[in-house]
Amino acid sequence: MYESEINIVKNKILIIEDEEAIRDMLGYALMKEGFLCDEVGDVEQARTTIEVNRPNLILLDWMLPGMSGIDYARRLRSVRETRDIPLIMLTAKGEEADKVKALDTGADDYITKPFSTKELIARVKAVLRRYSDGAASGVIEVNGLLLDSETYRVSADNQVIEISPTEFKLLHFFITHPERVYSRSQLLDHVWGENVYVEERTVDVHIRRLRKTLEPFGFDKYIQTVRSVGYRFSTR
Ligand code: CA
């Protein structure tokens with residue numbers, strides 16, 4: 001039996017920390033709380049990860065090899081693409097001046113090492129809550145297939161899957177309504193909208209494209225044809 005795990009609106013956190021023990025501890029604590037985590041050891045790796053998989057929050061260590069966390073925080077805040085990502089600084093420096101400096105760069109909060117995982121989780125949740133008023137951001141994940149409803153991006157194994165807006169909407173609808181069969185006309189109503197005139201066979205065309213898009217990653221088998229009825233999304 002294949003247990004499918006479907007997590008809707010799971011927040012993804014990027015951990016930038018060069019000390020492996022701390023990085024592992026952070027990742028473990030956050031994943032236990034239901035967050036998705038990407039873990040990197042320096043700014044260079046962080047950049048690549050953000051491009052592929054935009055995080056919902058960044059945990060950034062102050063002292064890093066190469067570019068420091070504080071300089072990177074400034075950089076993140078100065079670029080349009082990353083300006084709005086919630087940011088928490090990790091610092092071993094407990095002095096008041098450093099805390100002020102961390103917040104001056106545009107960080108939303110800071111955590112002073114050593115810290116308890118309880119404190120970490122509480123601060124992460126508090127910052128995310130502050131941001132979540134308004135647009136629903138978040139990532140939907142099904143067995144390693146990630147859908148970001150904010151950026152309209154789909155990825156698997158840290159690879160971006162090129163997808164058109166219609167295929168994205170179709171996939172998004174399927175993933176949020178799993179295991180149920182929808183007729184072509186129902187899919188038209190839900191995905192294209194009720195007042196749009198589109199022929200039913202258009203659905204078949206887009207289903208075919210969606211499967212082709214997902215095929216290299218092995219996810220095309222989730223889009224299933226139910227003969228003489230329609231289609232369904234199922235991981236079984
Ligand atoms: Ca460090």
Side-chain angles (χ1 to χ4, degrees), residues 7 10-132 137-139 141 144 146 148 150-151 153 155-160:
N7 299 294
K10 217 175 184 188
N11 278 302
K12 189 173 48 196
I13 298 180
L14 173 62
I15 302 164
I16 312 169
E17 162 67 79
D18 57 317
E19 275 169 80
E20 205 184 335
I22 298 178
R23 197 168 64 224
D24 288 350
M25 184 271 272
L26 290 165
Y28 180 74
L30 290 165
M31 280 194 265
K32 238 177 87 183
E33 279 294 311
F35 293 103
L36 295 170
C37 292
D38 276 322
E39 299 171 25
V40 299
D42 59 43
V43 166
E44 214 38 62
Q45 290 171 285
R47 275 196 200 124
T48 324
T49 308
I50 289 175
E51 268 175 41
V52 180
N53 248 325
R54 186 189 159 91
N56 301 101
L57 183 141
I58 297 173
L59 275 179
L60 175 61
D61 187 33
W62 183 301
M63 298 289 278
L64 291 169
M67 183 185 266
S68 76
I70 205 92
D71 286 338
Y72 189 46
R74 265 188 216 108
R75 172 88 46 102
L76 287 169
R77 284 301 180 247
S78 67
V79 179
R80 197 164 60 97
E81 287 78 24
T82 55
R83 190 179 292 157
D84 303 327
I85 303 176
L87 176 66
I88 298 178
M89 296 287 301
L90 296 174
T91 170
K93 307 177 172 196
E95 288 162 20
E96 206 53 43
D98 291 324
K99 292 178 182 174
V100 171
K101 206 170 149 193
L103 295 176
D104 272 351
T105 61
D108 296 284
D109 201 357
Y110 58 85
I111 302 174
T112 310
K113 295 178 194 172
F115 51 86
S116 69
T117 51
K118 220 172 149 186
E119 184 192 355
L120 165 80
I121 302 294
R123 284 180 185 271
V124 164
K125 285 185 176 168
V127 169
L128 284 172
R129 247 197 319 274
R130 249 186 276 159
Y131 274 80
S132 69
S137 67
V139 176
E141 193 236 340
L146 298 170
D148 192 325
E150 203 180 331
T151 59
R153 280 186 133 171
S155 62
D157 305 325
N158 266 345
Q159 257 183 287
V160 171

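Counting convention: from 1, in listed order, for ligands and their atoms alike.
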| task | Output, in order, the C-alpha distance, side-chain angles, deciding distance and verdict of salt bridge (charged side-chain N to carboxylate O under 4.0 Å, His left out) for Asp61 and Lys113. | result | CA-CA 10 Å; Asp61 187 33; Lys113 295 178 194 172; 3.0 Å; yes

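- For the Ca ion (ligand 1), protein N/O/S neighbours under 3.0 Å (waters excluded) are Asp18 OD1, Asp61 OD2, Met63 O.
- Applying the salt bridge (charged side-chain N to carboxylate O under 4.0 Å, His left out) test to Glu33 and every residue at least two apart in sequence or in another chain returns Lys125.
- With sequence neighbours excluded, no residue forms a salt bridge (charged side-chain N to carboxylate O under 4.0 Å, His left out) with Arg75.
- Evaluation of the salt bridge (charged side-chain N to carboxylate O under 4.0 Å, His left out) rule for Arg83 yields no partner, not counting sequence neighbours.
- Salt-bridge annotation for Asp108 and Arg77: present, with a side-chain N of the basic residue lying under 4.0 Å from a carboxylate O of the acidic one.
- Glu119 places no side-chain N or O within 3.5 Å of a backbone atom of Phe115 that could act as its donor or acceptor partner.
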